[in-house]
Amino acid sequence: MANTLKTYLDAVRASLEACLCLTTFPSQQVERHNKPEIEVQSSKELLLTPLVVARNEDEKVLIESSVNSVRISLKIKQMDGMDQLLAHWFCRFLMQRAEQFIVLRRKAVDGFDLSFLITNTNLEKMWKHKLIDFVITFMEEVDKE
Amino acid sequence: EVAQRAAEVEGLIASKKPMKAVAASLNRPPLSVPSQEIKDDNFRVVMRAMAAVREAKIKDCVEGLDDAQCDTLMKYVYRAMEEGISLSSMLKWHAHCLSKG
């Protein structure tokens, strides 16, 4: 069990390191606007194919990246009704305080429990490897509980 | 062409050469083919070859592939994870492929 966790997290870490190569990209639709292309989805050429790293049916990470932003969605393992309730409350608690986290998204992507949105401006202020460590540590902590 | 490759891969698996089977299945992938069916068929062929390799042999298998084949392998690993097929072994293939490239 712990064995698959390590390979799973290593795979996620490697995928994130590859995807988090972001650069600023002003909007091509509106002058003087700079929007996260993964959210706006204005042009196909700016988006990369979404990657899924899955440990099993219940636990997976969807990584959608674009030229200036990356959306990482997590699905947390929920074995019974109680787990589902706890996960729902926990994620809601975090998402209501998304501003404090900076990289957390206020609403999770459909089919997932929690979503992060990392843009090039975030990467300019924070270290890439630290950000990846944060996401991985978060996944580890959630797995422990 | 996919049918040819499928036959070749089956042949290699039957003759207990799963590593060659994986290499054969990764040659000339259908990249710009518009038909999704052909891509799906090729995906199945690659999965069959990968399933034939025992876990202990994955590392040797990956060592024997060249860079282009390794890249193609990674793409198929991610596709398999998306579909949810044999995930624990996919994670192992991913780790070995990564340490190679």
Take atom [atom1] in [X]; do more than 12 heavy atoms of anything else shown fall under 6.0 Å from it?
X        : atom1 : result
A:Asp110 : CG    : no
A:Arg92  : CZ    : no
A:Glu45  : CD    : yes

Co-membership, hydrophobic cluster, residues A:Val52 and A:Leu117, 4.5 Å side-chain: no
Does A:Val67 share a hydrophobic cluster with A:Val70, counting links as ILVMFWY side-chain heavy atoms below 4.5 Å and allowing steps through other members?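 No; A:Val70 is not reachable from A:Val67 via cluster members.
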Rounded to the nearest 0.5 Å, how far does [atom2] of [Y] lie from [atom1] of [X]?
X       : Y       : atom1 : atom2 : answer
B:Met90 : A:Tyr8  : CE    : OH    : 16.0 Å
B:Lys75 : A:Leu51 : NZ    : CG    : 12.0 Å
B:Tyr78 : A:Ile63 : OH    : CD1   : 6.5 Å

Less than 4.5 Å apart, any side-chain heavy atom of B:His94 and any of A:Ser15? yes
With the side chain counted from C-beta on, respond yes when A:Val53 and B:Leu91 share a heavy-atom pair under 4.5 Å apart, and no when they do not.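 Yes, at least one pair of side-chain atoms sits under 4.5 Å.
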